[in-house]
Each structure stands twice: as structure tokens, then as C-alpha cells.
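In what follows, chains are A, B, ... by sequence order, proteins preceding strands, each numbered from 1.
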There are 2 protein chains.
Amino acid sequence: MSEPRWLTDAEMQAWLRVLRLVMLLPGSLDRHLRRAAGLTHASYTILAILSDAPERSMRMAELARQSATSQSRLSHVVAALEQRGWVTRSPSPSDGRGLIAALTEEGVRVLERTAPGHVAQVRATVLDPLSPDEIAQLSTLLGKIVDSIEADDVRTTDPDAPATP
Amino acid sequence: MSEPRWLTDAEMQAWLRVLRLVMLLPGSLDRHLRRAAGLTHASYTILAILSDAPERSMRMAELARQSATSQSRLSHVVAALEQRGWVTRSPSPSDGRGLIAALTEEGVRVLERTAPGHVAQVRATVLDPLSPDEIAQLSTLLGKIVDSIEADDVRTTDPDAPATP
DNA sequence: GGCTACTTGTTGAAGCTTCAAGTATATCAG
DNA sequence: CTGATATACTTGAAGCTTCAACAAGTAGCC
């Protein structure tokens, strides 16, 4: 295995900004949502995905995929949301292993009450500083990066991972 | 306070990719570094910053700023690194409140052993999928976003925050 | 039918981060 | 020089996430 190239100045600058984004954004979202509704961003995301789904419900596994959350984490988060009465879990009729999470009426109300402030924050911190063109660029660039992270995760998480063939 | 505009399709797509990046990257970095050296990405970052500093040492507050870490978190992380003998803390001669964290010889070795694999992962997942032009674009776009997050954090964290004047 | 292998989802402990409070030192205004 | 305020750092508890192990169900295969 050969020594990898070190980063050029331009690469390092870009990487440091990626890092800074990844360090700062989650905390910022969490703080806003916690103040507004006692919600974590993780749980807000679950509510938001459910509210856009048919029947406002979805299989846990699918919910995990769409939210980019581990199943374990999802399990804990949904359990907490169920405690609060914002989500229910019921067995899937078609698959005995499956559970279907569904938004309750009260869950809908929490989301309706919280969404405007959240959207405003997303606009203020992420979207508004960019022009429409730049937003399109960002989307393209991050699409490539996200794909490669997901590919890498599959590669390095697989039980039978080839050690860099 | 008026209803904020909802997101357009293009904005939503960009936002979802930002979210996905922010959900996936930290875990991915943590997993690689933990396997390679039992390090968290948070602690790797501290070691890396220290190793580039004069005397391989830095004030805690400055370290917190550069790593975009809360002081509390930094305190915990550095305490753990000190336990392992990779960092020392000594009082600042010029400011009685200050502590100076410094990388030990062993800390240097850990970093030297870990950095190549880490750089390889950063390349593979973030930099290599992009052309040099795209890396420059990314840097520009994220620079704007990061700035606005930091501005927002100051605004909403300040004790005397004006409630949207 | 009965194996074997895979998928779905949960659980509890361990680890990390955040939050609020506390200690100590510096700075500044009068 | 004194009191008020701000900065530097730590601490412990509470909360969230990850990891590994497990229970239960499905699917393909012979």
C-alpha cells in the first residue's frame, strides 16, 4: 500500500470547510428545534418523512434508509416519539417481521407547529446565502460526494469486504 | 412573523443532500479512525491541529475555535487524550486562566501512523469524485454556508439576542 | 418438510456530547 | 484599589448514538 498523496492547499481548504459544516450544522439544527419543540433533529426528520408518506406511515427499514439513520438509532428515536404520542408502531400485515410507524394527529400538529421555524432556519443558514445557480451546483457536488460515502460504507461495512483488491 | 416560503424542488434536493452528508460523514470518519487507531474523529482532529501548530501546542480556547468544538467537549476529549499519554496540559505562563495542550512524542507517532489512512479515506469519499474545478466550487459554496451558520449561532446563542429586530 | 442464510427490528451497555453550574483569573471603570 | 463584568476551563449528570448480541420471520433449496 503506497503512501497516499497529501492534500493540496485548495483541497485542504475545501476539506476544512466540509468538516466545519459537518461539525456545526447538526448542533445548530438541534438547538433551534429543541427550543422550538423539544425535538432533536433526528426525531424531527422522522416526523417530516412520515408526514410526506402515503397514509403518513412507513416501514421502519424504509424510514431508516430515507433518513440515513441506523436501524438501532431509529428504533430508539421512534420509541421515544411513541412515548410522547406522536407516532405509533403496528405490525406489518404483509411481513411478520415488519413494523409500520405512523404519525398520529398530535404528531401532525407538532410538525405543523415546528416546520415553519425550521424551514426559516434552513433558508437563513444554508439556502439564502446562495444564488439559484449555486444551489444547483451544490446539489450536483454533494450528490457525488454522498454517493461515494455510501459506496465506501457498503464496502467497509460488508462482512466479506475485499481488502482493497 | 410571516410564513416563510417553502422549498422549491431544486432547493429541497440540495438540502436533502446537505442533510445526508451531515448524517453520513461523521459516522464514516469515526468508524475508519476507530478501527485504525481507536480514535474518534473529534480526537483525531485535535491531534492533527496540534501537530501543525508551533511547538505542537496550543491554548485550549484557540484549539476549540479551530476545531469548531465547544470548550466543554474539548475539555473532555483532551482529558481522554491526556489519559492515553498523547497530549499534555500545562498552565499558560502569560495567562493564569489558560491551559496549553501539547502533543507528546507518542501522540506524534499515533498521528503519523493514522494520517495516511485517514487522508486516503478523505480522498476516496470526498475529494476524488470531484474535478479540481469542482473542488474550488465546493470550497466557495461551503464557505458561504459555514459563515452564515456561524453568524446564526452567534445571533441565537448570545445572551442578549435581539428577537429578530 | 426441513436446512441454511438473510432480513427486520429491538435491547442494554458503553461511549460521546451537551447543558448548566461552578471555580479561578483577567480586565476595566471609577 | 475595589467591585463588576467578562473570559478560560472543568465538572457531572442527562441525553443521544453506536455497537454487539439477540429474537423472530422470510426465502431459497434440496
Side-chain angles (χ1 to χ4, degrees), chain A residues 22-35 38-46 58-65 67-84 87-101 153 156-160, chain B residues 22-35 38-46 58-65 67-84 87-101 153 156-160:
Chain A
V22 153
M23 292 293 282
L24 295 174
L25 189 54
S28 181
L29 296 173
D30 273 347
R31 261 190 303 283
H32 278 261
L33 283 168
R34 173 145 11 204
R35 287 180 192 175
L39 277 174
T40 294
H41 184 254
S43 44
Y44 176 90
T45 302
I46 301 309
M58 193 180 280
R59 278 286 291 272
M60 294 288 282
E62 179 62 13
L63 205 44
R65 269 185 287 278
S67 60
T69 300
S70 70
Q71 274 196 138
S72 166
R73 182 177 176 179
L74 179 64
S75 211
H76 288 294
V77 168
V78 171
L81 289 173
E82 196 175 35
Q83 283 292 321
R84 302 229 234 165
V87 162
T88 59
R89 273 180 295 190
S90 48
S92 161
S94 62
D95 184 336
R97 300 163 296 182
L99 283 187
I100 296 180
D153 282 355
T156 56
T157 298
D158 250 348
D160 43 70
Chain B
V22 153
M23 292 292 285
L24 296 174
L25 189 53
S28 182
L29 296 172
D30 273 347
R31 261 191 303 284
H32 277 262
L33 282 168
R34 173 146 9 203
R35 286 181 193 175
L39 277 175
T40 296
H41 184 253
S43 44
Y44 177 90
T45 303
I46 301 310
M58 193 180 281
R59 277 286 292 271
M60 294 288 282
E62 178 61 15
L63 205 43
R65 269 186 287 278
S67 60
T69 301
S70 70
Q71 273 198 136
S72 166
R73 182 177 175 180
L74 179 64
S75 212
H76 287 296
V77 169
V78 170
L81 289 173
E82 196 175 33
Q83 283 292 319
R84 302 229 234 166
V87 162
T88 59
R89 272 180 296 192
S90 48
S92 161
S94 62
D95 184 336
R97 301 163 296 180
L99 283 186
I100 296 179
D153 282 354
T156 57
T157 297
D158 250 348
D160 44 67

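- The phosphate of dT17(C) (OP1 or OP2) has a side-chain N or O of R73(B) nearer than 4.0 angstrom.
- Across all their heavy atoms, A101(A) and L63(A) have their closest contact at CB-CD2, 4.1 Å.
- Between S70(A) and dT18(D) there is a side-chain polar atom (N or O) within less than 4.0 angstrom of OP1 or OP2.
- Between M23(B) and A68(A), the closest heavy-atom pair is CE-O, 3.7 Å.
- One atom, CE of M23(A), and another, C1' of dC16(C), lie 12 Å apart when rounded to the nearest Å.
- What separates CG of D30(A) from P of dC16(C) is a distance of 19 Å, to the nearest Å.
- Position along DNA chain D of the nearest nucleotide to T40(A) versus L74(B) favours L74(B) as the more 5'-ward residue.
- Summarising the geometry of S67(B) relative to T45(B), their closest heavy-atom pair is CB-CG2, 4.1 Å, with the distance given to 0.1 Å.
- The shortest distance between the side-chain N/O atoms of R34(A) and the OP1/OP2 oxygens of dT18(C) is not below 4.0 Å.
- In this structure, the CG atom of L29(B) is 16 Å from the C1' atom of dC16(C), given to the nearest Å.
- Atom CE in M60(B) sits 7.5 Å away from atom CD in Q71(B) (nearest 0.5 Å).
- Rounded to a whole Å, the CZ atom of R31(A) is 12 Å from the C1' atom of dT17(C).
- When rounded to the nearest whole Å, the span between CG of L63(A) and P of dT7(C) equals 19 Å.
- Within 3.5 Å, a donor on the side chain of S72(B) pairs with an acceptor on the base of dC19(C), or the reverse.
- Residue-to-nucleotide contacts include no donor-acceptor pair under 3.5 Å from the side chain of H76(A) to the base of dG15(D).
- Here A42(A) lies in heavy-atom contact (under 4.0 Å) with sugar-phosphate atoms only.
- As rounded to whole Å, 11 Å separates atom P of dT10(D) from atom CZ of R59(B).
- Within 4.0 Å of A79(B), counting heavy atoms only, lies no atom of the nucleic acid at all.
- OP1 or OP2 of dG9(C) lies within a sub-4.0 Å distance of a side-chain N or O belonging to Q71(A).
- When rounded to the nearest whole Å, the span between CD1 of I46(B) and P of dC9(D) equals 13 Å.
- A donor-acceptor pair is defined here as one N or O able to donate and one able to accept, closer than 3.5 Å; no such pair exists between the side chain of D30(B) and the backbone of T40(B).
- Within the 4.0 Å cut-off from OP1 or OP2 of dA6(D), not a single side-chain nitrogen or oxygen of R97(B) is found.
- Contacts of D95(B) with the nucleic acid, taken as non-hydrogen atoms under 4.0 Å apart, involve only primed sugar atoms and P, OP1 or OP2.
- Of all nucleotides listed (dT17(D), dT11(C), dC9(D)), dC9(D) comes nearest to the side chain of A61(B).
- Atom CD in E82(A) sits about 12 Å away from atom C1' in dT10(C), given to the nearest Å.
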